[in-house]
Amino acid sequence: RVISGNSALGYIVTTDLLRNEITIYLPNRAYEAGEMIRLEDLGLETHTEESLTNPLTLWPEQTVIAKNPLKPGRPIRSDDVEVAQYVLAAKSTIVNGQVATADLVESRLESVNTYGPQPLVNVIEILGLEATRTIRAGQRLNASDFIAADLVRKNETVRLTIKRGALEITVEAIALENAKIGEQVLLKNPDSGKEIRGIVTGRHAARGL
């Protein structure tokens, strides 16, 4: 606190003679709504608490974006900014039943206040999963939008890799059933008619038991 007026030696200091001083944040340039703001790019000033309306006095530790357009030199209010995080959004339309790949999504900075249930933040979370609905380009992705996919489907051609010591061969077989990654799948050699079991390792791919 700071003395707001002169006080003589020995005079009793009462609360009406004190004022609070706060540190405020000033943009050094203009910001558009949704733009990330870095603390190191801001100026600091000391003001009396009574001279400002709803000033932001404690900078959040998380990533911060502008909620409203900001002008350079104008003190940032508490309702001018909001905490944000990078989340996944569809880069192009993902149709119902389509297996997700990295080129179908992009990372986007969004306010945490706009999140739905369980937003997805890492592309690894959806690789090999199947969309449960059609997701339009630009829409945010949630955990409920995907389920484990059948990476091998009945009657599809599968690349089966078989290892015997240092020897490795790859043959094409026909899937006789659906299977997810890590599951066993029954395959048929189209040339010999022999049935083989493998472990699904990816889309249209399996390894011999």
Side-chain angles (χ1 to χ4, degrees), residues 33-38 60-65 82-209:
E35 189 175 355
M36 183 193 300
I37 306 173
R38 302 181 188 276
E61 295 183 359
Q62 305 96 321
T63 301
V64 174
I65 61 173
E82 52 190 347
V83 174
Q85 184 180 10
Y86 282 98
V87 296
L88 293 181
K91 190 174 181 179
S92 56
T93 299
I94 303 173
V95 299
N96 188 11
Q98 185 173 0
V99 176
T101 55
D103 60 319
L104 293 176
V105 300
E106 60 185 355
S107 188
R108 187 172 68 195
L109 193 60
E110 281 197 6
S111 165
V112 296
N113 295 325
T114 65
Y115 286 178
Q118 294 181 285
L120 296 170
V121 299
N122 196 319
V123 68
I124 296 176
E125 297 178 85
I126 65 166
L127 294 182
L129 299 184
E130 178 181 314
T132 58
R133 65 182 180 92
T134 296
I135 306 167
R136 296 190 302 275
Q139 285 188 323
R140 187 175 57 248
L141 307 182
N142 298 315
S144 59
D145 293 333
F146 296 91
I147 58 173
D150 290 326
L151 297 184
V152 169
R153 294 171 181 170
K154 187 175 181 179
N155 297 325
E156 288 184 338
T157 299
V158 178
R159 298 182 306 278
L160 177 65
T161 301
I162 302 172
K163 288 185 178 182
R164 292 291 184 270
L167 180 65
E168 178 178 311
I169 60 172
T170 300
V171 297
E172 289 191 346
I174 304 300
L176 299 180
E177 57 189 357
N178 298 336
K180 298 174 174 56
I181 192 156
E183 292 183 345
Q184 287 193 26
V185 60
L186 184 62
L187 306 168
K188 183 178 181 179
N189 186 317
D191 296 324
S192 65
K194 182 179 178 181
E195 293 184 356
I196 316 164
R197 283 207 168 270
I199 299 291
V200 178
T201 57
R203 184 71 173 128
H204 298 152
R207 61 176 172 81
L209 292 176

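The environment of CD in Glu172 is sparse: at most 12 heavy-atom neighbours from other residues, nucleotides or ligands sit within 6.0 Å. Atom NZ of Lys180 has more than 12 neighbouring heavy atoms from other residues, nucleotides or ligands inside a 6.0 Å radius.
Contact check for Val83 versus Thr63: no side-chain heavy atoms found under the 4.5 Å cut-off. At least one side-chain heavy atom of Leu104 sits less than 4.5 Å from a side-chain heavy atom of Gln98.
Closest heavy-atom contact between Arg136 and Ala90: O-CB, 3.5 Å. For the pair Ile94 and Ala131, the tightest heavy-atom approach, listed with the atom from each and the gap, is CG2-CB, 3.8 Å. Scanning both residues, Ala179 and Val185, for their nearest heavy atoms gives CB-CB, 3.7 Å. In this structure, Asn96 and Thr134 approach most closely via the heavy-atom pair N-OG1, 3.2 Å. What you find for Asn189 and Asp191 is that their closest heavy atoms are OD1-N, 2.8 Å. Of all non-hydrogen atoms in Ala175 and Val158, the two that sit nearest each other are CB-CG2, 4.0 Å.
Between the side chain of Ser107 and the backbone N or O of Leu88 there is no donor-acceptor pair closer than 3.5 Å. Arg140 places no side-chain N or O within donor-acceptor distance of the main-chain N or O of Arg108, the cut-off being under 3.5 Å. A donor-acceptor contact shorter than 3.5 Å links the side chain of Asn178 to the backbone of Lys154.
Listed by first then second residue, pairs satisfying salt bridge (Lys or Arg N to Asp or Glu O under 4.0 Å) with a partner in residues 194-209 read Glu156-Arg203, Glu177-Arg197, not counting sequence neighbours.
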>> Applying side-chain contact (heavy atoms from CB on, under 4.5 Å) to Val64 and Glu82, what does each step give before you reach the verdict?
In response: CA-CA 6 Å; Val64 174; Glu82 52 190 347; over 6 Å; no

>> Test side-chain contact (heavy atoms from CB on, under 4.5 Å) on Thr93 and Ile135; report intermediate values, then the result.
In response: CA-CA 6 Å; Thr93 299; Ile135 306 167; over 6 Å; no

>> Between Leu141 and Glu125, is the side-chain contact (heavy atoms from CB on, under 4.5 Å) condition met? List the steps.
In response: CA-CA 11 Å; Leu141 307 182; Glu125 297 178 85; over 6 Å; no

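Judged by distance alone, the side chains of Asn142 and Ser144 never bring a donor and an acceptor atom under 3.5 Å apart.
Expressed to the nearest 0.5 Å, how far CD1 of Ile181 lies from OG1 of Thr201 amounts to 7.0 Å. Here the CD-CG distance, from Glu183 to Leu151, works out to 9.5 Å after rounding to the nearest 0.5 Å. Separating the CG atom in Asn155 from the CD1 atom in Ile174 is a distance of 7.5 Å, to the nearest 0.5 Å. Between Ile147 atom CD1 and Leu129 atom CG the span is 8.5 Å, to the nearest 0.5 Å.
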Residues 160-171, side-chain donor-acceptor partners within the protein, below 3.5 Å, at least two apart:
none

